[in-house]
K.L.:
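Questions regarding the structure given below will be posed in turn.
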Amino acid sequence: NSVKGFVEGYDAADSSRASALALRDEWTAEEEDQYRPHNGYGNMIEFMEADLLKHDCRIRKSVVVTRVKWQRSEVMITTEGGDVYRAKQVVITVPLSLLQEEAVAFEPLLPQITAATKSMGFGSVIKILLQFKNAFWKTPATNLRLNADLSNLGWLFSEAEVPTWWTQLPEESSLLTGWLAGPNATKRKDSDDQVILQEAIASLAGIFGMSSEDIAQQLTHSRVFNWLADPFSRGAYSYTTTETDEAVKKLEIPIEDTIFFAGEAMAKSPHTGTVEGALESGEFAAVSIKNQRLIF
């Protein structure tokens, strides 16, 4: 039960589909320390954007692609607003869930790609950020009540409705991040953010032996990110099924040297579901394009 809870509550996976051997490899390869970019991932995105602009790339933001019409060495991309972009090649990096649900129409169709993506796993996640007046879990009263020293609390796994939580350790902060993942998140796809927030507060109350009212009084800011309800993600990140390895082999083969796929789900290392995996697969696609000696 503990392993199943970890698979669903941390890896955001459906335990009936996830590969046990892949999870073993992932868990044994993980570093004990956790790393975060200073001031968030926005800095990294801005760095990459600046580098692209230096190389004369053009970036179009808030443009929703609806169709990719293609033939060898010719691609025509149509947007929701009716704009058309043309290129000799294209790299598709949308989340795996959008490929599974065929949110972008390919013409001609790519049934082999759709079948491959549907054999892979894509997790469900609702993330809750709660900012408190102070780190109440470090107070002597909390430690005495729970008979435990929580001064170095990093990760917290429980059997509460919102079971997984983490602090910003080693950074001093009064922020707690809640993680509702896997099938339990899927059940709440259409739930109102306030309902989810109340579940989160009740979960912390049970975990720390406090009343929901006491938790709510400590709260200064909150934000619920229901990634399932986001039309551009429809979930969180991929997880490995017993069919994933074969699916990735199909996805890494360019379609007529014209359509390339990249993204965290295509990573061949244990970095599936991570920023590292996304960068790795992007580099692999870039090298594949370069080796074709075609102009992008």
Side-chain angles (χ1 to χ4, degrees), residues 11-14 17-18 41 45 58-71 74-87 89-127 180-183 185-191 193 224-241 243-244 246-256 258-267 272-275 277-279 281-282 284-285 296:
D11 287 279
D14 181 343
R17 294 192 64 210
Y41 283 100
I45 299 297
R58 288 179 294 169
I59 300 171
R60 297 288 182 266
K61 300 178 180 179
S62 301
V63 176
V64 181
V65 173
T66 56
R67 187 178 68 162
V68 177
K69 188 175 181 180
W70 67 278
Q71 60 184 9
E74 185 178 339
V75 181
M76 185 172 72
I77 293 172
T78 305
T79 72
E80 196 173 59
D83 294 328
V84 175
Y85 296 86
R86 298 178 185 274
Q89 293 165 304
V90 63
V91 181
I92 307 293
T93 63
V94 299
L96 182 65
S97 55
L98 270 66
L99 295 175
Q100 291 174 334
E101 298 177 24
E102 301 181 74
V104 178
F106 288 91
E107 187 182 325
L109 296 173
L110 299 174
Q112 75 277 26
I113 297 300
T114 302
T117 61
K118 287 185 177 180
S119 69
M120 303 164 73
F122 197 75
S124 305
V125 160
I126 298 174
K127 187 176 183 180
L180 181 60
T186 304
K187 295 174 187 175
R188 295 168 172 81
K189 176 184 176 183
D190 300 317
S191 294
D193 285 356
V224 174
F225 297 90
N226 187 344
W227 292 112
L228 285 155
D230 187 304
F232 305 116
S233 64
R234 305 186 191 183
Y237 46 75
S238 64
Y239 62 87
T240 303
T241 68
E243 300 173 276
T244 291
E246 289 302 313
V248 171
K249 289 177 183 177
K250 294 177 182 177
L251 290 166
E252 69 183 14
I253 299 174
I255 307 297
E256 296 287 336
T258 302
I259 299 178
F260 299 75
F261 291 93
E264 55 82 16
M266 316 315 174
T272 301
T274 66
V275 173
L279 293 171
S281 72
F284 181 86
F296 180 60

K.L.:
So how far is it from Tyr237 OH to Ser124 OG, rounded to the nearest 0.5 Å?
P.N.:
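One gets 10.5 Å once the value is rounded to the nearest 0.5 Å.
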K.L.:
Between Asp14 and Tyr239, is the side-chain contact (heavy atoms from CB on, under 4.5 Å) condition met? List the steps.
P.N.:
CA-CA 9 Å; Asp14 181 343; Tyr239 62 87; 3.3 Å; yes
K.L.:
Once side chain to side chain contact (heavy atoms under 4.5 Å, CB included) is applied, do any residues pair with Ser233, and if so which ones, sequence neighbours excluded?
P.N.:
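Once residues adjacent in sequence are excluded, the partners of Ser233 under the side chain to side chain contact (heavy atoms under 4.5 Å, CB included) criterion are Trp227, Asp230.
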K.L.:
When you measure from the side chain of Trp70 to the backbone of Pro108, do you find a donor-acceptor pair of N or O atoms at a distance under 3.5 Å?
P.N.:
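Yes, the answer is positive, given that a donor and an acceptor are paired below the 3.5 Å cut-off.
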K.L.:
Give a yes or no on this: more than 12 heavy atoms of other residues, nucleotides or ligands lie within 6.0 Å of atom CZ of Arg60.
P.N.:
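Yes, the 6.0 Å shell around CZ holds more than 12 heavy atoms from other groups.
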K.L.:
Quick check for you: to the nearest 0.5 Å, what is the distance between Ile253 atom CD1 and Ile259 atom CD1?
P.N.:
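That separation rounds to 14.0 Å.
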K.L.:
Can a donor-acceptor pair be found, under 3.5 Å and without considering hydrogens, that links the side chain of Thr78 to the backbone of Thr66?
P.N.:
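It does not hold such a pair.
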K.L.:
Which heavy atom of Ser119 sits nearest a heavy atom of Thr241, and at what distance?
P.N.:
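For Ser119 and Thr241, the tightest heavy-atom pair comes out as O-OG1, 2.7 Å.
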K.L.:
Determine whether Thr258 and Val90 satisfy the following criterion, side-chain contact (heavy atoms from CB on, under 4.5 Å), listing intermediate values before the conclusion.
P.N.:
CA-CA 6 Å; Thr258 302; Val90 63; 5.5 Å; no
K.L.:
At what distance, to the nearest 0.5 angstrom, does CD1 of Ile92 lie from CZ of Phe106?
P.N.:
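Result: 4.5 Å between the selected atoms.
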K.L.:
At what distance, to the nearest 0.5 angstrom, does CD of Glu246 lie from CE of Met120?
P.N.:
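Rounded to the nearest 0.5 Å, the CD-CE separation comes to 11.5 Å.
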K.L.:
Write out all pairs satisfying salt bridge (charged side-chain N to carboxylate O under 4.0 Å, His left out) with one or both partners inside residues 116-125, taking only residues at least two apart or from two chains.
P.N.:
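Listed once each, the pairs would be none.
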K.L.:
Output all residues satisfying salt bridge (Lys or Arg N to Asp or Glu O under 4.0 Å) with Glu101, sequence neighbours left out; order by chain, then residue number.
P.N.:
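In terms of salt bridge (Lys or Arg N to Asp or Glu O under 4.0 Å), with neighbours along the sequence ignored, Glu101 is linked to Arg234.
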K.L.:
Any side-chain to backbone donor/acceptor pair from Gln100 onto Thr117? Under 3.5 Å, distance only.
P.N.:
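Pair found, side chain donor or acceptor close to backbone of Thr117.
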K.L.:
Gln71 and Glu256: side-chain contact (heavy atoms from CB on, under 4.5 Å), yes or no, with the steps?
P.N.:
CA-CA 8 Å; Gln71 60 184 9; Glu256 296 287 336; over 6 Å; no
K.L.:
Can you sort out the partners of Thr93 under side chain to side chain contact (heavy atoms under 4.5 Å, CB included), two or more places apart, ordered by chain and number?
P.N.:
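Thr93: side chain to side chain contact (heavy atoms under 4.5 Å, CB included) contacts with Val91, Ala262.
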K.L.:
Write down the atom of Ala12, the atom of Val125, and the distance for their closest heavy-atom approach.
P.N.:
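The answer is CB-CG2, 3.6 Å.
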K.L.:
Looking at Glu252 and Met266, would you say the former's side chain and the latter's main chain have a donor-acceptor pair under 3.5 Å?
P.N.:
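Checked: no pair found.
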K.L.:
Less than 4.5 Å apart, side chain to side chain, heavy atoms only: is that true for Phe261 and Ile255?
P.N.:
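In short, these two side chains touch, coming nearer than 4.5 Å.
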K.L.:
Hey, what do you get for CG (Leu96) to CZ (Phe122), rounding to the nearest 0.5 Å?
P.N.:
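Here the rounded value is 6.0 Å.
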K.L.:
Mind checking the NZ-CG spacing from Lys187 to Leu180? Nearest 0.5 Å is all I need.
P.N.:
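Taking NZ in Lys187 and CG in Leu180, the distance rounds to 10.0 Å.
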K.L.:
For Asn226 and Arg188: C-alpha separation, side-chain torsions, deciding distance, then whether side-chain contact (heavy atoms from CB on, under 4.5 Å) applies.
P.N.:
CA-CA 9 Å; Asn226 187 344; Arg188 295 168 172 81; over 6 Å; no
K.L.:
Please enumerate all residues that pass side chain to side chain contact (heavy atoms under 4.5 Å, CB included) together with Leu109, with sequence neighbours excluded.
P.N.:
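Here the qualifying residues are Pro111.
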K.L.:
My understanding is that only residues two or more places apart in sequence, or in another chain, count here; which of them pass side chain to side chain contact (heavy atoms under 4.5 Å, CB included) with Val65?
P.N.:
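So Val65 forms a side chain to side chain contact (heavy atoms under 4.5 Å, CB included) with Val68, Ile77, Val104.
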K.L.:
Using atom types as modelled and distance alone, determine if a side-chain donor or acceptor of Ser281 lies under 3.5 Å from a backbone N or O of Ala265.
P.N.:
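Answer holds: no.
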K.L.:
Between Thr79 and Asp83 (side chain of the first, backbone of the second, donor and acceptor by atom type, cut-off under 3.5 Å), is there such a pair?
P.N.:
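Flag set: sc Thr79 to bb Asp83 pair under 3.5 Å.
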